[in-house]
Amino acid sequence: MTMKQALINCPSLANSSLLELEEDIRQFWNSGVRWFHIDIMDGHYVPNLCYPVRLVADLKAKYPQAIADVHMMVTDPAAYIEPLRAAGADYVSFHADSTHFVIRSLRAIREVGMKAGIVLNPSQQVDVIRPYLDWVDLVVLMTVEPGFAGQKFMVESLPRLEELSKLREETGKEFLISIDGGINYPNVQPCVRRGANLFVTGVYTVYRQPDGIPAACQRFEQEMRKGLVE
Ligand code: DX5
Ligand code: ZN
């Protein structure tokens, strides 16, 4: 990117205990976090269920300035667009292979005033997104197979991230690049250097760290910045 590379810590709320969700969000907010990654899983696209759209509305009611980064893992993404708009979602992403009508769905997300994102699974070629680039604000590169929090980062993702960044440079498009799944310390700087902007964080970085959420977020911010090429 020509502009200063945006680096954002975006905790994945799927890592919170449902009984501690409110406290976790409060601590993230007080630590300066403004982006929150909300996974929506329908039990069909992936073999798991996760948050309802309602969580987006609840988050925005309490923290109107929060940026809700919604990751849909559902078989019918178009059906969620209007409910997500009503809930106040900011970024809405769906998997490239979850609909026959990718461009129509990306446009529908933008038409109601939200930012549109496309998600790539580890099994997909990065190039799959090339026809969609005029309609995307965000590309999410899955660095684990989708469906569960707490999995291990797939190192094969690094050359894929590089390829995605090159595609961005080559086409001159200005979408953000998000990496989602198993983000851990050995891979933060390599991902910064390969152009990642949004780091969806979980148990290896900001959750369940011995020194608590504020210290963990501070450490993560520092680590991201260290990866910037001078
Ligand atoms: C996996 C989800 C991720 C996950 C974050 O399907 O999309 O958002 O919660 O990754 P972890 O918590 O595993 O680092
Ligand atoms: Zn996710």
Side-chain angles (χ1 to χ4, degrees), residues 7-18 20-21 24-25 27-28 33 35-53 55-56 59 66-75 77 80 84 89-98 109 114-124 136-158 160-161 164 176-192 196-209 213 216-217 219-220 223-224:
L7 294 174
I8 299 160
N9 169 22
C10 183
S12 177
L13 298 181
N15 286 287
S16 285
S17 154
L18 293 182
E20 288 163 15
L21 192 51
D24 287 348
I25 293 172
Q27 289 202 34
F28 282 126
V33 166
W35 291 63
F36 294 88
H37 185 84
I38 299 176
D39 289 316
I40 294 186
M41 307 181 190
D42 68 355
H44 296 282
Y45 181 77
V46 286
N48 196 8
L49 286 165
C50 197
Y51 296 129
V53 172
L55 178 58
V56 178
L59 173 72
I67 299 171
D69 169 37
V70 178
H71 173 195
M72 292 197 276
M73 285 159 272
V74 303
T75 55
Y80 289 75
L84 283 168
D90 298 283
Y91 281 76
V92 171
S93 308
F94 60 90
H95 284 254
D97 58 5
S98 65
I109 292 169
M114 301 185 291
K115 302 279 189 196
I118 193 83
V119 191
L120 279 169
N121 278 327
S123 311
Q124 291 177 291
V136 294
D137 301 293
L138 174 70
V139 176
V140 184
L141 186 75
M142 291 306 302
T143 45
V144 297
E145 291 282 11
F148 300 91
Q151 302 180 79
K152 205 168 164 286
F153 183 90
M154 295 168 73
V155 285
E156 312 88 284
S157 309
L158 292 175
R160 290 165 58 72
L161 175 58
L164 180 56
L176 292 168
I177 296 178
S178 171
I179 47 170
D180 184 10
I183 305 306
N184 55 8
Y185 273 104
N187 291 302
V188 176
Q189 292 185 37
C191 288
V192 171
N197 304 114
L198 233 67
F199 290 71
V200 177
T201 49
V203 287
Y204 304 106
T205 49
V206 298
Y207 274 91
R208 289 181 263 295
Q209 298 302 301
I213 284 179
C217 288
R219 182 175 168 217
F220 192 77
E223 187 73 12
M224 283 192 298

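Keep in mind that what you see is a predicted model, and the values were worked out from it rather than measured. We count ligands from 1, going down the list as the structure has it; atoms in each ligand are counted the same way.
- In this structure, the ring of Tyr185 has its center no less than 6.0 angstrom from the ring center of Phe153.
- Considering only heavy atoms from C-beta on, Tyr51 comes within 4.5 Å of Ser16 through its side chain.
- The aromatic rings of Tyr91 and Trp35 lie tilted to each other, with the angle between the two planes from 30° to 60°.
- Val188 places a side-chain heavy atom less than 4.5 Å from the side chain of Met224.
- From Phe199, atom CZ reaches atom OG of Ser178 across 9.0 Å, with rounding to the nearest 0.5 Å.
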Verdict with supporting geometry, Thr201 and Phe28, side-chain contact (heavy atoms from CB on, under 4.5 Å) | CA-CA 12 Å; Thr201 49; Phe28 282 126; 5.8 Å; no

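- With waters left out, the protein N, O or S atoms under 2.8 Å from the Zn ion (ligand 2) add up to 4.
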* Step by step, would you call Met142 with His95 a side-chain contact (heavy atoms from CB on, under 4.5 Å)? -> CA-CA 10 Å; Met142 291 306 302; His95 284 254; 4.0 Å; yes

message: Apply side-chain contact (heavy atoms from CB on, under 4.5 Å) to residues Val92 and Met72 and explain how you reach the verdict.
response: CA-CA 7 Å; Val92 171; Met72 292 197 276; 3.5 Å; yes

Need the list: ligand 1 N/O atoms against protein N/O atoms, distance under 3.5 Å, rounded to one decimal.
unit_1, atom_1, unit_2, atom_2, d
ligand 1, 6 (O), Gly147, N, 2.7
ligand 1, 7 (O), Asp39, OD1, 3.2
ligand 1, 7 (O), His71, ND1, 3.2
ligand 1, 7 (O), Asp180, OD2, 2.9
ligand 1, 8 (O), Ser12, OG, 3.2
ligand 1, 8 (O), His37, NE2, 3.2
ligand 1, 8 (O), Asp39, OD1, 3.2
ligand 1, 8 (O), Asp39, OD2, 2.8
ligand 1, 8 (O), Asp180, OD1, 2.8
ligand 1, 8 (O), Asp180, OD2, 3.2
ligand 1, 9 (O), Ser12, OG, 2.8
ligand 1, 9 (O), Asp39, OD2, 3.2
ligand 1, 12 (O), Asn15, OD1, 3.2
ligand 1, 12 (O), Asn15, ND2, 2.6
ligand 1, 13 (O), Gly150, N, 2.5
ligand 1, 14 (O), Gly182, N, 2.9

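- For Ile118 against Ala96, the heavy-atom pair with the smallest separation is CD1-CA, 3.7 Å.
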